[in-house]
Amino acid sequence: MTASLVDPFARAISYLRVSVTDRCDFRCMYCMSENMTFLPKKELLTLEELDRLCSTFIRLGVQKLRITGGEPLVRRNIMSFFQAMSRHLESEALNELTLTTNGSQLNRFANDLACAGVKRINVSLDTLDEEKFADITRWGRLPQVLKGIEAAQRHGIHIKINAVALKNFSEEELPRITQWCAQSGMDLTWIEVMPMGDIGNEQRLEQYWSLNDVRTIYEQNYTVTDLIERTGGPARYIRLEETGQKIGFITPLSHNFCESCNRVRLTCTGELYMCLGQEDMADLRAPLRRFTDTDIPLETTIREAIARKPKGHDFDYSRQRLDGQVSRHMSHTGG
Ligand code: SAM
Ligand code: SF4
């Protein structure tokens, strides 16, 4: 058996997030500028190359695969990739095949995703107000997303809502989204906005709303219990005793979560980022394309990259500056 991937801080790498495209049918204010320049299509890994890469990681011990982007469901023929990956679920090499999506194409693909063995999906949604939704996503339409979520639920897929906490925006949303998630049996996780990519005129410092404030609002309105449960990921959880629901907090800024990091990220061009908040990466496309009859050079490059996984990121807004900012967009690295 091949030895699993362990980094210099004794963290086993069992989770791969793969961005299958940098393109998207939305232009969320905190994620992209309105006029984005996307990669030329020829730069992208083909679906066959993505299959070979993911399968290599699975052979090296990755047990959870999250497909993301950009918007993963706008990549042409992406269902054939999900179907191909489902063989690793069947062989039990993979425990979970999942995705993060804006939900716009879920109505079309819910059935195929369920057939490929997808059991849980993260849907990003920051507001239940149609106008605010159109404003924040620039190009998105709320009813289409809600229809997609319902379709996924009808196919037995469990939905988790991810909402980015934004100052002067999320305050009003919090009670409504919380109630809606409780009524619809969906988990909810709040995310602090991270300084990733140039997003035009919007100011990060103006967008940033600490999840300490979000927690305070819950404490003022509910009985809050801290849960010790960790999923090996960055989220910390509370339970609202009145509704019984679990709320997650992803707090890269107000609380560093790196000590339990079990993940790496692969871009749609084959760059492997060992940390979301650092610039160091390994080019996997070169060994992938240069050696088509053996995966050994690819495996060696992956192992060498994992040996360089840093202890953590350096995001910091505390001095009212964008410390630790990285130039690439979240949609490039795969959020
Ligand atoms: N398009 C899909 C979606 O929106 O779910 C997947 C890709 S998107 C980049 C993944 C996640 O990153 C979304 O939940 C989005 O809200 C989040 N995101 C994007 N830019 C961010 C930023 N600057 N800070 C924090 N989260 C961000
Ligand atoms: Fe697209 Fe997701 Fe970024 Fe919004 S957050 S622009 S949906 S990639």
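The shown structure was predicted, so the numbers you read here are calculated from the model rather than taken from an experiment. Residue indices begin at 1 and follow the sequence shown. First listed ligand is number 1; within each ligand, the first listed atom is number 1. The figures that follow rest on heavy atoms only: side chains count, while hydrogens, waters and symmetry mates do not.
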**OP:** Could you check which of Gly69, Ser104, Cys24, Cys28 puts a non-hydrogen atom nearest to atom 8 (S) of ligand 1?
**Re:**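 Nearest heavy atom to atom 8 (S) of ligand 1 lies in Gly69.
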If you measure only the distance, is there a donor-acceptor pair under 3.5 Å linking the side chains of [X] and [Y]?
X      : Y      : result
Thr21  : Glu71  : no
Glu173 : Thr127 : yes
Tyr15  : Arg17  : yes
Thr100 : Arg66  : yes
Thr68  : Arg265 : no

Atoms in ligand 1 with a heavy atom of [X] nearer than 4.0 Å:
X      : value
Cys31  : 19 (C), 20 (N)
Thr101 : 2 (C), 3 (C), 5 (O)
Gly70  : 1 (N), 2 (C), 6 (C), 7 (C)
Glu192 : 25 (C)
Ser124 : 3 (C), 4 (O), 5 (O), 13 (C), 14 (O)

**OP:** Give the atoms of ligand 2, by number and element, whose distance to some non-hydrogen atom of Gly70 is under 4.0 Å.
**Re:**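 Selected atoms, number and element: 8 (S).
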**OP:** Specify whether an N/O/S atom of Cys31 falls short of 2.8 Å from atom 3 (Fe) of ligand 2.
**Re:**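 It does; at least one qualifying atom falls short of 2.8 Å.
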**OP:** Tell me which part of Cys28 gets within contact of ligand 2: side chain, backbone, both or neither, using heavy atoms under 4.0 Å.
**Re:**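 It is both parts that get close, each with some atom under 4.0 Å.
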Original post:
How does Thr68 reach ligand 1, if at all, at less than 4.0 Å between non-hydrogen atoms: by side chain, backbone, both, or neither?
Top reply: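 Side chain only; the backbone of Thr68 stays clear of ligand 1.
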Original post:
What part of Val164, side chain from CB on, backbone N/CA/C/O, both or neither, has a heavy atom under 4.0 Å from ligand 1?
Top reply: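 For Val164, the contact with ligand 1 is made by the side chain alone.
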Test item: [X] and [Y] side chains (from C-beta on) under 4.5 Å apart, heavy atoms:
X      : Y     : answer
Phe82  : Leu97 : yes
Lys64  : Ser14 : no
Asp295 : Arg59 : yes

**OP:** List the steps and the verdict of side chain to side chain contact (heavy atoms under 4.5 Å, CB included) for Trp180 and Leu146.
**Re:** CA-CA 11 Å; Trp180 174 65; Leu146 296 181; 3.7 Å; yes
**OP:** Decide whether the shortest distance between a heavy atom of Gly69 and an atom of ligand 2 is less than 4.0 Å.
**Re:**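 No.
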Subject >> Contact check: Glu71 vs ligand 1, nitrogen or oxygen atoms, below 3.5 angstrom >> reply: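 N/O-N/O distance below 3.5 Å exists for this pair.
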